[in-house]
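Side chains included, hydrogens not; waters and symmetry mates left out as well; all remaining heavy atoms used.
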Amino acid sequence: MRLVSLEDAKLHLHITDPARDAEVALELDHASALIFEYIGARADASWDETSAPDTVKAGTLRLLGHLYEHRGDDAALDTDNKIWEALSLLLMRARDPAVA
């Protein structure tokens, strides 16, 4: 289930060309799934592009931008770590507390 509309995703990525819709949709699906997984049990299965909390949408868009920019064909380990640090700060209130 997508946490952000395709239109909002394209706006975030500064894409106006409909020829890239399938590509953006695929990365949006990946970002949404990763955000659901990251939040864990506190994620509401009914969340979608109209009902997800704004912080969850913001996290999804940040991750989408990262996935769109770094498609696994570059050495993005440092940027991967940075995006998850940023998401951790953004989504900490929505996420299940970690067990130490």
Q) Do His66 side-chain atoms and Ile83 backbone N/O form a donor-acceptor pair below 3.5 Å? A) no

Q | Where Leu28 and Ala9 come nearest, the two heavy atoms and their spacing | A | CD2-CB, 4.0 Å

Q. So which heavy atom on Arg62 is nearest to which on His12, and how close?
A. N-NE2, 4.3 Å

Q: Decide whether Leu26 and Leu34 are clustered together by the hydrophobic rule: side chain heavy atoms of Ile, Leu, Val, Met, Phe, Trp, Tyr closer than 4.5 Å, transitively.
A: no

Q. Rounded to the nearest 0.5 Å, how far apart are CD1 of Ile15 and CG of Leu6?
A. 9.0 Å

Q) Distance from Tyr68 atom OH to Lys10 atom NZ, nearest 0.5 Å? A) 10.0 Å

Which atom pairs, donor and acceptor, lie under 3.5 Å between side-chain atoms of residues 50-59 and protein residues at least two apart or in another chain?
from	atom 1	to	atom 2	distance (Å)
Thr50	OG1	Asp48	OD1	2.7
Ser51	OG	Ser46	O	3.4
Ser51	OG	Asp48	N	3.0
Ser51	OG	Asp48	OD1	3.1
Lys57	NZ	Glu49	O	2.9

Q: Compare every heavy atom of Leu61 with every heavy atom of Asp8, then report the nearest pair and how far apart it is.
A: O-CD2, 4.1 Å

(Q) Working to the nearest 0.5 angstrom, can you tell me the gap between Lys82 NZ and Leu87 CG? (A) 14.5 Å

Q | From Arg42 atom CZ to Leu91 atom CG, the distance as rounded to the nearest 0.5 Å | A | 11.0 Å

Q. Glu23: what forms a salt bridge (Lys or Arg N to Asp or Glu O under 4.0 Å) with it, not counting sequence neighbours?
A. Arg20, Arg71

Q | From CG (Asp44) to CZ (Phe36), nearest 0.5 Å | A | 7.5 Å

Q.
As an exercise, state the distance from NE2 of His30 to CD1 of Ile35, rounded to the nearest 0.5 Å.
A. 14.0 Å

(Q) So, applying side chain to side chain contact (heavy atoms under 4.5 Å, CB included) with Glu27, which one of Leu13, Leu63, Leu67 is it? (A) Leu67

